[in-house]
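This report concerns only the one structure given below.
So that the names make sense, note that chain A is the first sequence line, chain B the second, and so on, each numbered from 1. On a predicted model such as this, the values are computed, not experimentally measured, just so you know. Below, each value reflects all heavy atoms present in this structure, side chains not excepted, and no hydrogens, waters or symmetry copies.
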Amino acid sequence: MAALTEEQTLLKEQAKTWARDEAPVAKFRETRDSGTETGFDKGVWTAMGEMGWPGILIPEDQGGVAMGHLTFGVVLEELGRQLTASPLLASAGIGATAILLGGNKTQQGEWLPGLADGSRIVTLAIDEAPRHAPLQTTMEAKAKGDSFVLNGSKVHVAEGLSADAFVVATRTSGQPGSEEGLSLFLVPADQEGLSRKGLITADSRGYANLDFSNVEVPQSALLGDLDQGNSILERTLDCGRAYLAAEMLGVAAQSFDMTLDYLKNRVQFGQPIGSFQALGHRASMLYTEMEMTRSCVEAALQALDDGNEKAAELCSLSKCKAGKFLHHMSNELIQMHGGIGMTDEFDAGLYLKRARALEFALGNEAFHRDRFATLRGF
Amino acid sequence: MADNKEELEAFRGEAKAWLAENFPSSLAGQASAVLRAESVDRSNPDLDVWIDRLGEKGWGTPTWPAEYGGGGLSQLQAQIVNQEMDAIGAFNPLTITAGMGITMVGPTILEYGTEDQKKRHIPKICKGRTFWSLGYSEPNAGSDLASLQCRAEDKGDHWLLNGQKTWTSGADISDWCGVLVRTDMDVAKRDGISFIMIDMKQSEIETRPIRLIAGASPFCETFFNDAKARKDDMLGDLNAGWTVGKRLLQHERQSQTGASAGGGGGTKSSLQGIAEKYVGLDSQGKLADSDLRSRLADHMMEASSHKLTIARIVAESRGNAKVSAAASILKNAASTVTQNRAELLLEIMGHQGLGWEGDDFSAEELATVRTWLSGKAISIYGGSFEVQNNIIAKNILGLPENTQRG
Ligand SMILES: Cc1cc2nc3c(=O)[nH]c(=O)nc-3n(C[C@H](O)[C@H](O)[C@H](O)COP(=O)(O)OP(=O)(O)OC[C@H]3O[C@@H](n4cnc5c(N)ncnc54)[C@H](O)[C@@H]3O)c2cc1C
């Protein structure tokens, strides 16, 4: 496994400094308190565009900077530390990947440049139930002459209110549960018959539920081959899982730092509480877990960059491991802070709420343990 | 108060009859809907009717002496009242509407109070009409409670209080507060503390609600600026507050063991039903997510172990359970089970378990996320998880105390 390159290390530093100074958790709190429906601050997103971050995964001839998955993950980790809200992961990460993997020349030319500079937002509409189960997709797309008619609903779509278009997973044949018969469509958000409704969630981000009522799209909206959408979908989801794991590592790492700081500074019984071994040992164990998680997160992103055949397995590993660590860490963040951790004025609650939303996104720990076992062949 | 079988069965008949006549049926099964964590829902006027009747009968505080307004029942009789309430969906709202009066302050007054203090304070608690809060914690005195700085001066005919408390649950709505104060600055920390009962309805006490991560503001910063307490409202002796205060904490713990909370009425089996609804069953009738299934089973086993331990302690004490260090074991087990349950519920509901507001989420889903968040406090208040473990190590296991006192 390779260490970060000099370029990646520099970008990591840049992202860390920028997030801390320009888009800190206090800014996210402001956005939350203002009740902004989209869940992110426009200025923050524009600034990211100017720095070229939305183009990290996109080839240069489409307006991107083509720096790869690990580089993208490094930025996400630093943004995760400050809970910086933006469509970077959902659009420039997952949306762009779907189009890169499945889009033809026309579709790529139409969408990638806008995704690369952040002027357009495309997000994946996959889940139909509260728990992630991509193969259970039932949303129907029926052929009608030269077009397809979509009916059904998608729930909890990330950045669903601000998206300009959706990559929609549908079933064109086969039974729920089957890999065959899934098809992806690129559907503009203003298509007739498509309506969306924003959700107010504990993590205060911009999710929406989508309703498709006889939404008619031309053949050219098909992303990849008819009935064969699953291979693109699965690779897209894996990239998304690796990105989420990177963000989760950042959220957890910041939670760890806050806790460590508190253990050193909070005095009870005339000594810093970190001197109590009951707490000190737990901090040591969390640190150990964090180091393990980092290895998994970086390995998965690196495998995606290398086109490694083990990438899928590593993506499930990193999503699961990051989920476990973040779950544990977010609970310890509250517990070790005592009463102050329970107050809304302190940031711990924001991290805790974000932690569970990230854990549940694109498959929780149990989902990925199961998938890991399947990929290992047992 | 005879506890032989026949008399107990006769008593069961009486209890049944009284409840049938007095418990308003509109409240049946409404305990969790009415006694919400954030605030009591008083929209149904029958709640007040029920509080009055229960208070009059003394069965809100069933084992307290009848001469001060309690029920005067034995523990076995009280258990019967509980069982008969459970059977018809009735519940005891007084444990909530009296704040910490019933679970903590009352038992301590009964133990340490003067005759006059008992007569003045206990009947009002039994009626469920006086809300008590508890002023222990300060910004720099949490787990290390003995470091508290809030002080009371003897002004001849009254006590004068100055200083700050924090995390005071219900301070803003309380009528009375039990405050730990420093009354002697020149002795060892634990030897200069006293317990004072103070009337909260005075302008020299300021309360500032603090918002919690679950959204509501059930606790406050509390400031005493020349606040006055009656001279005869010190509970226990001057500078004996550490003993009184610790005793009260044992009562608090006892109330948080899960033992006296009506067994968590009606929520135990629903976990299974909710899991079936959100996760579904496979063709063999097993929960479709086998990973979740085994963790759910593990949780239910832990919950059962906790319940069985409570039952065993009650049985071994022959219906006369004493407040003891064992409460620490039960409190830690109870908070682990409760918090784990909330995490599992959230996981079962997936994204729907993370809704905050709005009609896209069911009332049950919205309650789940708030309960999950507010439940994180269970292992912090009343002596944190770690402090309980210190107590177990020292008081039960007899391990030597080192620098890590608690
Ligand atoms: C919802 C809620 C309601 C509350 N209501 C009240 C109330 O009504 N009245 C009142 O007076 N107080 C109340 N409290 C305060 C509560 O009692 C304190 O929060 C608690 O005692 C912990 O103190 P602290 O917050 O200062 O944390 P600290 O004591 O600073 O503890 C921080 C962390 O260090 C750990 N720690 C501390 N000492 C040791 C040790 N020796 N060994 C190992 N670990 C240690 C703690 O367990 C915790 O994890 C409430 C708190 C909450 C969250």
State, with a plain yes or no, whether a side-chain heavy atom of B:Leu292 is found less than 4.5 Å away from one of A:Arg131. yes
Can you confirm if the NZ or CZ of A:Lys353 lies within 45° of the ring axis of B:Trp356 and under 6.0 Å from the centre of its six-membered ring? yes
Are B:Leu212 and A:Asp344 close enough, and set up right, to give a side chain to side chain contact (heavy atoms under 4.5 Å, CB included), and what steps lead you there? CA-CA 5 Å; B:Leu212 281 188; A:Asp344 185 68; over 6 Å; no
Quick check on B:Leu366 against chain A: is it the side chain, the backbone, both or neither that has a heavy atom closer than 4.5 Å? neither
Which heavy-atom pair separates B:Ile213 from A:Thr343 by the least distance, and what is that distance? CG2-O, 3.7 Å
Main-chain N/O of B:Ser143 paired to A:Gln268 side chain as donor or acceptor, under 3.5 Å: yes
Compare every heavy atom of A:Ala202 with every heavy atom of B:Val369, then report the nearest pair and how far apart it is. CG2-CB, 4.1 Å
Side chain from CB out, backbone as N, CA, C, O: work out which of these in B:Phe385 comes under 4.5 Å of a heavy atom of chain A, or both, or neither. both
Scored by heavy-atom pairs under 4.5 Å with chain A, the best of B:Gln352, B:Gln339, B:Glu347 is B:Glu347
What are the residues of residues 194-201 of chain A, in order of number, with any heavy atom under 4.5 angstrom from a heavy atom of chain B? A:Lys197, A:Gly198, A:Leu199, A:Ile200, A:Thr201
Using non-hydrogen atoms and a 4.5 Å limit, figure out which bit of B:Leu354 sits close to chain A: side chain, backbone, both or neither. both
By residue number, those in residues 283-291 of chain B with heavy atoms under 4.5 Å from heavy atoms of chain A are B:Asp289, B:Asp291
Within residues 365-378 of chain A, which positions have a heavy-atom distance to chain B below 4.5 Å? A:Ala366, A:Arg369
Got a sec: does the CZ of B:Arg293 have more than 12 other heavy atoms crowding it under 6.0 Å? no
Measure the acute angle between the ring planes of B:His351 and A:Phe360, then classify it against the limits of 30° and 60° as parallel, tilted or perpendicular. perpendicular
Go through the atoms of A:Leu279 and report whether side chain, backbone, both or neither lie under 4.5 Å from a heavy atom of chain B. side chain
Please look at B:Ala146 and chain A and tell me whether the side chain, the backbone, both or neither of the residue comes under 4.5 angstrom of a heavy atom of that chain. neither
Does CD in A:Glu345 sit with more than 12 non-hydrogen atoms of other residues, nucleotides or ligands closer than 6.0 Å? no
Listing, residues 330-340 of chain A side-chain donor-acceptor contacts under 3.5 Å, not counting sequence neighbours, or none:
unit_1, atom_1, unit_2, atom_2, d
A:Ser330, OG, A:Leu326, O, 2.8
A:Ser330, OG, A:His327, O, 3.0
A:Ser330, OG, A:Arg356, NH1, 3.0
A:Asn331, OD1, A:Arg356, NH2, 3.1
A:Asn331, OD1, B:Lys376, NZ, 2.8
A:Asn331, ND2, B:Glu343, OE2, 3.4
A:Glu332, OE1, A:Arg282, NH2, 2.9
A:Glu332, OE2, A:Arg282, NE, 2.8
A:Gln335, OE1, B:Ser379, OG, 2.6
A:Gln335, NE2, B:Ser379, O, 2.9
A:Gln335, NE2, B:Glu386, OE1, 3.0
A:His337, ND1, A:Leu333, O, 2.7

Short side-chain to backbone donor-acceptor contact, A:Arg266 and B:Asn140, under 3.5 Å: no
